[in-house]
Visitor: 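Handing you this structure, nothing more for now.
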Protein chains: 2
Amino acid sequence: MSISIAIVEDLDEVRNGLKSFLSLSKGFAVLATFKTAEEALVDIPVLKPDIVIMDINLPGMNGIECIRQVKTKVPATQFMMFTVYENDEKVFEALKAGASGYLLKNTGLLQLIEALKELHSGGSPMSANIARKLVTVFRENEKKAEPVEALSARENEILLLLSKGLLYKEIADQLSIATGTVRQHIHKIYEKLHVENRTEAINKAFGKN
Amino acid sequence: MSISIAIVEDLDEVRNGLKSFLSLSKGFAVLATFKTAEEALVDIPVLKPDIVIMDINLPGMNGIECIRQVKTKVPATQFMMFTVYENDEKVFEALKAGASGYLLKNTGLLQLIEALKELHSGGSPMSANIARKLVTVFRENEKKAEPVEALSARENEILLLLSKGLLYKEIADQLSIATGTVRQHIHKIYEKLHVENRTEAINKAFGKN
DNA sequence: TGCCCAATAGAACAAAAGTTAGTTCAGCCG
DNA sequence: CGGCTGAACTAACTTTTGTTCTATTGGGCA
C-alpha cells in the first residue's frame with residue numbers, strides 16, 4: 001500500500017519536479033497537484049490524500065491559511081511544509097495551523113522521501129534549523145514554572161496555592177496555619193514582587209505577558 | 001577545522017563503535033570518551049569539545065543531570081542526546097537541561113554524521129518522533145491565547161483586562177463604562193466558565209493547569 | 001410586531017482580599 | 001552577650017470583589 005500525496009506549489013518547475021520524482025519513487029502515488037490554495041481547498045477534502053506537500057508563498061491565499069481551512073475536514077491527512085520561509089512567525093503559524101512536518105527547500109530529494117515516510121508513520125520530520133526554533137520556545141515556556149528566587153520557601157509554597165485560585169481560608173487549612181498568617185505572607189510576597197494584587201503576582205511569578 | 005567530539009556512553013560496544021566511526025569520518029575528531037557522567041563532569045569543562053554525544057542511562061548520575069551541571073561551565077558546547085529513551089518526560093527534561101539535538105539509537109551512522117554537522121552549525125537535529133512530541137506541546141501552549149468561545153466579544157475584552165490584574169474601577173475607566181457594568185460582565189463570565197473568582201477564570205481561560 | 005439577548009447601569013449586601021501593626025523565635029555579627 | 005534582621009505567625013481594620021436585584025436600550029429574528 002503506497003502513500004498517497006497531493007502537492008500544492010505554484011512554481012511549475014518545482015511542482016512538476018516533485019511530481020515526477022515521487023511518481024518514480026517506490027511506495028508513493030501522487031494523486032493530484034495544485035497551483036493555488038483555492039483549488040486545493042476544493043479537491044483535497046474529496047481526495048483525502050495521506051500527505052499534502054504545501055508551499056507557503058502562493059498567489060491568492062497562502063499555504064498556511066489553506067491548511068487551517070482544510071485540516072478540519074481531513075484530520076487524518078498530514079501536512080508537510082516545503083518552503084524557503086525560515087522566519088519564526090511563518091514557522092510557528094504553520095505548525096499551529098496543523099502542519100506536522102517542516103522542510104526547507106534546500107532539503108535533498110532523498111531526504112524528502114525519508115521525511116515523507118516518517119511523517120506518514122506519525123513523526124514530525126523537520127529541518128534542523130526549524131527544530132531549533134521549537135526547542136528555543138519550548139525552553140522559554142518551561143522556565144516559567146520554577147520557584148521565584150527572591151521569595152522564601154514558605155512564600156513560594158503559598159504563592160503556588162494562591163495561583164490555583166484558592167481562598168485564603170483554603171490555603172490556611174491546607175497548611176494548618178491561621179488565615180491571618182496567610183494574609184501576611186501574601187502581603188510580603190506582593191511587596192517583594194512589587195505588585196499589588198493576586199493576579200499581578202501570578203503574572204509576574206509565572207511569566208505570562 | 002574539524003568538529004571536536006566527546007562521547008559519554010557506558011556500553012563498551014556502542015562507545016567504541018562511535019569512536020571508531022567518527023575518528024574515520026572526515027571533519028570529526030574524538031577528543032575523549034567517558035563511561036560515566038562523573039568522569040565527564042570533570043574533563044569536559046577542560047576539553048571544551050564542540051559537541052558532546054550523551055547517553056541517558058548511565059551507572060550513577062544520568063546523562064540529563066550531567067548536562068545540567070556541565071552546560072553552565074561550557075555554554076558553547078552543544079549536546080546531542082543519543083539514547084533509546086523516547087518517553088515524553090526524558091525528552092523534555094533533556095531539552096530543558098540544555099540538550100539541543102536528540103537522536104534515537106536506531107538512527108543510522110550516516111544520519112548521525114549529518115546531524116552532528118547540523119548541530120554544529122546551530123540547528124537542532126532530532127528524530128521525527130521526538131520532534132512530534134515538541135510540536136504537540138507547542139500546540140498545547142499556543143492555543144491558550146485565543147478568545148474563549150462561549151463568551152461575547154465584550155466579555156472577552158473584559159476578561160483580558162481582568163487577567164492583567166486591573167481593578168474593576170480601572171477596567172471601567174479604560175472602557176468608559178460604569179464599574180457596576182464591569183461587575184455585571186464579570187459575574188456573567190464566571191457563570192459561563194463555571195468558576196467563582198478572578199484567578200480561576202484566568203486559569204480556565206488562558207490554560208495554565 | 002413582539003420576544004430574546006447583549007450591553008449598560010445602579011444599589012445594597014456578604015465575602016474575600018489587602019493593609020497595618022505587633023509578637024515570637026532563630027540565626028548572624030561585632 | 002546584646003542588638004539586629006528576617007521568617008513565621010496572629011488579629012483588627014479598610015478596600016475590593018462577588019452576589020443579587022432591578023431596569024433601560026438597541027439589535028436580530030421568528
Side-chain angles (χ1 to χ4, degrees), chain A residues 68-69 72 142-209, chain B residues 72 142-209:
Chain A
R68 214 189 313 274
Q69 294 191 24
T72 56
E142 285 308 309
K143 75 174 174 213
K144 292 171 180 171
E146 283 148 28
V148 179
E149 277 300 311
L151 304 183
S152 73
R154 192 58 150 178
E155 285 163 351
N156 266 303
E157 194 179 0
I158 287 176
L159 179 56
L160 184 64
L161 296 173
L162 196 69
S163 77
K164 294 195 198 297
L166 300 194
L167 302 181
Y168 286 7
K169 168 129 189 34
E170 293 172 324
I171 296 175
D173 287 354
Q174 205 155 122
L175 299 179
S176 302
I177 56 179
T179 70
T181 308
V182 174
R183 278 171 207 292
Q184 179 48 30
H185 280 302
I186 290 174
H187 187 63
K188 298 237 26 169
I189 292 171
Y190 294 170
E191 218 171 78
K192 290 185 181 176
L193 296 182
H194 306 292
V195 298
E196 311 201 291
N197 61 49
R198 181 188 284 232
T199 308
E200 284 179 1
I202 296 171
N203 285 341
K204 193 134 197 172
F206 304 110
K208 282 301 150 206
N209 312 2
Chain B
T72 57
E142 286 308 310
K143 76 174 175 210
K144 292 167 180 171
E146 286 149 26
V148 180
E149 276 298 310
L151 304 183
S152 73
R154 191 57 151 178
E155 284 162 352
N156 267 303
E157 195 179 0
I158 287 177
L159 179 55
L160 184 64
L161 296 174
L162 198 67
S163 78
K164 294 196 198 296
L166 301 193
L167 301 181
Y168 285 7
K169 167 128 189 34
E170 293 172 325
I171 296 175
D173 287 353
Q174 203 152 125
L175 300 179
S176 303
I177 57 179
T179 71
T181 309
V182 174
R183 275 172 205 287
Q184 201 49 247
H185 280 303
I186 291 174
H187 186 61
K188 295 225 50 166
I189 292 171
Y190 293 170
E191 217 171 79
K192 289 185 181 176
L193 296 182
H194 306 293
V195 298
E196 312 198 291
N197 61 49
R198 182 187 283 230
T199 308
E200 285 179 1
I202 295 170
N203 285 340
K204 193 135 198 172
F206 306 110
K208 282 301 153 209
N209 308 6

Visitor: If only side-chain N and O atoms of B/Y168 are considered, is one of them under 4.0 Å from the OP1 or OP2 phosphate oxygen of D/dG18?
Guide: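 Answer yes for this pair, as a side-chain N or O of B/Y168 is under 4.0 Å from OP1 or OP2.
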Visitor: Taking five pairs at each end, how big is the angle between the two axes of the helix from C/dT1-D/dA30 to C/dG30-D/dC1, to 10°?
Guide: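 Nearest ten degrees gives 40° for this helix.
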Visitor: Spell out, as yes or no, whether a donor-acceptor pair under 3.5 Å connects the side chain of B/Q174 to the backbone of B/I171.
Guide: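 Not at all, since once roles are kept as given, no pair shorter than 3.5 Å links the two residues.
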Visitor: Check the pair A/R154 / A/H185 against side chain to side chain contact (heavy atoms under 4.5 Å, CB included), numbers first and verdict last.
Guide: CA-CA 8 Å; A/R154 192 58 150 178; A/H185 280 302; 3.8 Å; yes
Visitor: Given atom CG of A/N197 and atom P of D/dT17, what is their separation to the nearest angstrom?
Guide: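 Interatomic distance, CG of A/N197 to P of D/dT17: 7 Å.
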Visitor: What is the separation between atom NZ on B/K169 and atom P on D/dT16, rounded to the nearest whole Å?
Guide: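 After rounding, the gap between these two atoms is 10 Å.
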Visitor: Treating primed atoms plus P, OP1 and OP2 as sugar-phosphate and everything else as base, which nucleotides of nucleotides 24-29 of chain D get B, S or - for protein heavy atoms under 4.0 Å?
Guide: ------
Visitor: D/dT16, C/dA17, D/dA7: which one has an atom nearest the side-chain heavy atoms of B/L167?
Guide: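 When the side chain of B/L167 is considered, D/dT16 is the closest of D/dT16, C/dA17, D/dA7.
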Visitor: Using whole Å, report how far CD1 of A/I158 lies from P of D/dA7.
Guide: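 Between P of D/dA7 and CD1 of A/I158: 13 Å.
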Visitor: Does atom CD of A/E170 have more than 12 heavy-atom neighbours from other groups under 6.0 Å away?
Guide: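 Count over threshold, so yes.
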Visitor: Hey, which sits more toward the 5' end of DNA chain C by its nearest nucleotide, B/R154 or A/L162?
Guide: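 The residue mapped nearer the 5' terminus is B/R154.
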Visitor: Do B/K192 and B/E155 sit within salt-bridge range, that is, some charged N less than 4.0 Å from a carboxylate O?
Guide: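 Result for this pair is yes, salt bridge flagged.
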Visitor: Please round to the nearest 0.5 Å and tell me the distance separating atom OH of B/Y168 and atom CG of B/L162.
Guide: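 Going from the OH atom of B/Y168 to the CG atom of B/L162 covers 6.5 Å.
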Visitor: Within this structure, what is the OG-CD1 distance for the pair A/S152 and A/I189, rounded to the nearest 0.5 Å?
Guide: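 Nearest 0.5 Å value for the OG-CD1 distance: 7.5 Å.
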Visitor: Could you give the CG-to-C1' distance, from A/L159 to C/dG18, as a whole number of Å?
Guide: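 Taking CG of A/L159 and C1' of C/dG18, I get 16 Å after rounding.
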Visitor: What are the residues of residues 175-192 of chain A, sorted by number, that bring a heavy atom to within less than 4.0 Å of DNA chain D?
Guide: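 Contacting residues: A/I177, A/A178, A/G180, A/T181, A/R183, A/Q184, A/H185, A/K192.
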Visitor: Does A/S152 make a side-chain N or O approach to OP1 or OP2 of D/dA8 shorter than 4.0 Å?
Guide: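 Yes, such a contact exists.
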Visitor: Rounded to the nearest 0.5 Å, what separates atom NZ in B/K204 from atom OH in B/Y190?
Guide: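 Atom-to-atom, B/K204:NZ and B/Y190:OH are 13.5 Å apart.
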Visitor: Roughly, in whole Å, what's the span from CG in A/L166 to C1' in D/dT17?
Guide: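 Going from A/L166 (CG) to D/dT17 (C1'), I get 17 Å.
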Visitor: Give the rounded distance in Å between these two atoms: CZ of B/R198 and C1' of D/dT19.
Guide: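 After rounding, the gap between these two atoms is 16 Å.
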